[in-house]
Amino acid sequence: MYDLLMLPQCKGNNHWVLLVASVMSRTVTIYDSLGGNNKALFDLFCQFMCQRGQIVKDGLEKISSELKAPPCNKQRHGNSCGVFALMTAKCLVIKKHPTMLRQAHDSVYRD
């Protein structure tokens, strides 16, 4: 029914990242415009999917134990992380590589 689960996540009440789970490959990728350590978020998502798997029997709880953290563009302004998460999601939906977006595109999403 769908290829990707995209979950914007707020870390520490002040930073947004985009968690993307691929249904087909059973992998999890976290896009972080600050390049932080997202292992705890990955572990929490895996726990959630295991709990969910006890109720919903669709095989989605069987995800890779390896976290993918691909290179992504870095934000230059302290308040751009949410916009970067949205820009990354849009790129993935339209099948473009997320690194094509830059800080200059930020204002298009704010208006």
Side-chain angles (χ1 to χ4, degrees):
M1 181 175 3
Y2 43 85
D3 297 329
L4 300 173
L5 300 172
M6 293 188 197
L7 304 165
Q9 296 290 303
C10 186
K11 291 175 51 181
N13 295 325
N14 64 355
H15 179 59
W16 287 91
V17 299
L18 181 66
L19 184 147
V20 180
S22 170
V23 174
M24 295 290 213
S25 67
R26 303 286 198 259
T27 57
V28 175
T29 305
I30 298 179
Y31 294 90
D32 186 344
S33 60
L34 290 179
N37 181 343
N38 292 294
K39 179 79 169 97
L41 178 58
F42 172 74
D43 291 343
L44 187 62
F45 179 75
C46 290
Q47 284 178 334
F48 168 77
M49 291 305 285
C50 284
Q51 293 286 326
R52 179 187 173 278
Q54 293 175 5
I55 300 166
V56 180
K57 306 294 183 193
D58 58 5
L60 288 180
E61 72 281 0
K62 297 177 185 124
I63 39 183
S64 169
S65 60
E66 179 185 341
L67 168 63
K68 291 183 177 183
C72 65
N73 287 325
K74 304 297 181 225
Q75 68 186 70
R76 288 181 295 180
H77 301 126
N79 60 355
S80 297
C81 54
V83 176
F84 268 72
L86 294 174
M87 290 190 307
T88 299
K90 181 177 179 182
C91 280
L92 295 171
V93 167
I94 63 174
K95 307 220 183 301
K96 300 288 184 189
H97 199 277
T99 57
M100 70 178 273
L101 294 169
R102 304 275 185 267
Q103 187 74 48
H105 298 108
D106 170 274
S107 62
V108 173
Y109 287 79
R110 290 182 183 275
D111 293 339

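We count residues from 1, following the sequence as given.
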Value rounded to 0.5 Å, distance of NZ in K96 from OG1 in T88:
15.0 Å
Distance-only check: which donor-acceptor pairs under 3.5 Å involve side-chain atoms of residues 15-23, not counting sequence neighbours?
from: H15; atom 1: NE2; to: D32; atom 2: OD1; distance (Å): 2.6
from: S22; atom 1: OG; to: S25; atom 2: N; distance (Å): 3.3
from: S22; atom 1: OG; to: S25; atom 2: OG; distance (Å): 3.0

Rounded distance (nearest 0.5 Å) linking atom CG of L34 with atom NZ of K11
8.0 Å
Could I get the full list of side chain to side chain donor-acceptor pair (under 3.5 Å) partners for S33, not counting sequence neighbours?
Q75
How many angstroms lie between atom CG of N38 and atom CG of L67, to the nearest 0.5 angstrom?
7.0 Å
Let me check something: any side-chain donor-acceptor pairs from residues 40-50 under 3.5 Å, sequence neighbours excluded? List them with distances.
from: D43; atom 1: OD1; to: K39; atom 2: NZ; distance (Å): 2.7
from: D43; atom 1: OD2; to: K39; atom 2: NZ; distance (Å): 3.4

Single-linkage hydrophobic cluster, 4.5 Å side-chain cutoff, V93 and Y31 together:
yes
